[in-house]
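Structure first, then comments.
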There are 2 protein chains.
Amino acid sequence: MNDTGARLIEAATEAFASRGFHGTTTRDIAERAGVTPGAVYVHHKSKEDLLYAISARGHDNVLRLVRDCVADGSQPTTEKMRHLVREFARWQASHHTSARIVNYELRFLGPEHFASAQENRRQIQAIFRNLVAQGCEEGTFSSDDVDFTVVAIFSLCIDIGRWYSQKSHWSVDEVADNICSLVMKMLQP
Amino acid sequence: MNDTGARLIEAATEAFASRGFHGTTTRDIAERAGVTPGAVYVHHKSKEDLLYAISARGHDNVLRLVRDCVADGSQPTTEKMRHLVREFARWQASHHTSARIVNYELRFLGPEHFASAQENRRQIQAIFRNLVAQGCEEGTFSSDDVDFTVVAIFSLCIDIGRWYSQKSHWSVDEVADNICSLVMKMLQP
DNA sequence: GTCTATAATATGATAGAC
DNA sequence: GTCTATCATATTATAGAC
């Protein structure tokens with residue numbers, strides 16, 4: 001059996017994803033985790049602290065994921081990009097519950113926690129930007145505006161958390177493959 | 001000067017967009033509109049009613065907008081698509097405050113209001129789907145999966161409400177033009 | 001139509017027993 | 001570590017005076 005601290009994180013993830021941070025009460029979370037409201041505060045010092053725990057874990061996992069994708073220097077830019085987009089999109093779809101919180105509930109973090117999340121996102125975005133820019137220099141890719149193209153790639157992937165659900169008629173892999181091939185068309189010279 | 005009913009809608013739009021539906025109190029809305037909390041209920045019977053008013057107006061405006069874009073039957077498919085995507089993206093950017101509510105606060109509507117919004121969105125989506133499908137039949141466009149391509153076009157446009165703000169270094173027209181040209185690349189045979 | 005005042009309830013968080 | 005009980009406050013919505 002899971003320990004209560006972890007079960008509370010899971011419960012909060014589901015609750016925040018479906019009803020939003022402010023639409024979720026500490027009682028909702030406690031009930032979903034099978035404990036009474038008082039027990040929440042033994043493991044997490046506030047509701048915002050639960051949000052931060054979910055946000056931090058999500059951002060850390062994504063940053064590690066995208067770093068690994070571009071780590072193999074021997075791969076050609078096109079292959080790196082395919083790998084990067086596919087894995088990033090895969091994460092958004094397979095973790096769509098966490099993804100929703102990571103991408104849409106950010107603004108409810110306290111100022112320091114928000115800044116920490118933003119720094120993480122900046123680093124994730126920089127990895128995409130560097131790869132797009134490199135491809136453009138090589139002539140492998142083309143883009144009228146590199147920064148905007150990165151925003152667009154993010155839009156395609158992040159929006160997955162808004163529309164994707166288990167009952168979607170596309171599997172996680174189909175979503176990732178489709179987005180990957182659309183991004184490659186966007187980058188085509 | 002505006003009448004209070006309309007000022008309350010404006011106030012609620014800004015409040016819901018920045019703090020979310022459940023993060024906004026009727027006191028916030030009343031204060032922003034320059035009235036006391038009691039006055040809210042003379043004009044709108046509940047907080048959810050305010051959300052629905054904003055949602056309904058937004059959805060109606062978008063549906064009218066996209067219908068007008070495809071009304072001119074004499075235009076070639078490519079031109080129709082350019083026009084449609086540009087205007088849809090323009091709306092999301094220029095009305096990014098309303099757009100955020102229309103696209104992200106939907107789930108907090110009551111069941112009937114939610115169903116009504118969903119029906120509206122279905123019609124908007126159908127207009128995009130028909131045009132993509134028509135272009136694919138003609139050979140003007142190509143797509144591995146028409147439904148997914150429509151989802152992707154929507155992702156690019158709807159996500160504007162998440163990342164765009166007045167301090168963005170792209171103007172509304174630049175956003176619309178960039179998205180339009182990326183969509184046309186995605187549809188290229 | 002707007003105000004002041006308030007009812008009825010919900011909420012985040014804590015105290016103290018076990 | 002969890003429970004019961006509760007504090008202090010906030011919240012949606014309404015009642016009645018002006």
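First the proteins, then the strands, lettered A, B, ... as listed; each starts at 1.
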Bend angle of the helix from C/dG1-D/dC18 to C/dC18-D/dG1, end axes from five pairs each (to 10°): 0°
5′-ward residue of the pair A/G5/B/K45 relative to DNA chain D: A/G5
Please report, rounded to the nearest Å, how far the P atom of C/dG1 is from the CG atom of B/D3. 9 Å
Heavy-atom distance under 4.5 Å between the side chains of B/F141 and B/Q188, does that happen here? no
For the rings on B/F88 and B/F154, is their centre-to-centre separation under 6.0 Å? yes
So, does A/Y41 get its side chain near the phosphate of C/dA13, meaning an N or O under 4.0 Å from OP1 or OP2? yes
Base, sugar-phosphate, or nothing: which does A/V42 touch, judged by heavy atoms less than 4.0 Å apart? base
For the side chain of A/A39, counting heavy atoms from C-beta on, which of D/dA13, C/dG12, D/dT2 is nearest? D/dT2
Starting at atom CZ of B/R19, determine the distance to atom P of D/dA10, rounded to an integer number of angstrom. 13 Å
Check the distance between C/dG12's P and A/F108's CZ and give it to me in whole angstrom. 13 Å
More than 12 heavy atoms of other residues, nucleotides or ligands under 6.0 Å from CD of B/Q123: is that the case? yes
Taking only the side-chain nitrogens and oxygens of B/H43, find out if one of them lies under 4.0 Å from OP1 or OP2 of C/dT2. yes
Atom CZ of B/R7 and atom C1' of C/dG1 are separated, to the nearest Å, by 12 Å
Mind listing the N/O atom pairs, protein and nucleotides 5-11 of chain C, below 3.5 Å?
none

Test: A/E119 and A/R122 ion pair at under 4.0 Å: yes
Test item: B/Y41 and B/T26 side chains (from C-beta on) under 4.5 Å apart, heavy atoms: yes
Just wondering, are more than 12 heavy atoms of other shown residues or ligands nearer than 6.0 Å to CZ in A/R57? no
What is the separation between atom CG on A/L51 and atom P on C/dG12, rounded to the nearest whole Å? 13 Å
Quick one: A/D28 CG to C/dA13 P, roughly how many Å, whole number? 14 Å
Return the orientation label for the A/W170 and B/F148 ring planes: parallel under 30°, perpendicular over 60°, tilted otherwise. perpendicular
Taking only the side-chain heavy atoms of B/T36 (C-beta and beyond), determine which of C/dT2, C/dC3, C/dA13 contains the nearest atom. C/dC3
Decide whether A/Y164 and A/F16 are clustered together by the hydrophobic rule: side chain heavy atoms of Ile, Leu, Val, Met, Phe, Trp, Tyr closer than 4.5 Å, transitively. no
Euclidean distance, atom CD of residue B/E31 to atom C1' of D/dA10 [Å, nearest integer]: 14 Å
Assign the ring pair A/Y52 / A/H113 to parallel, tilted or perpendicular, where the plane angle (0 to 90°) is split at 30° and 60°. parallel
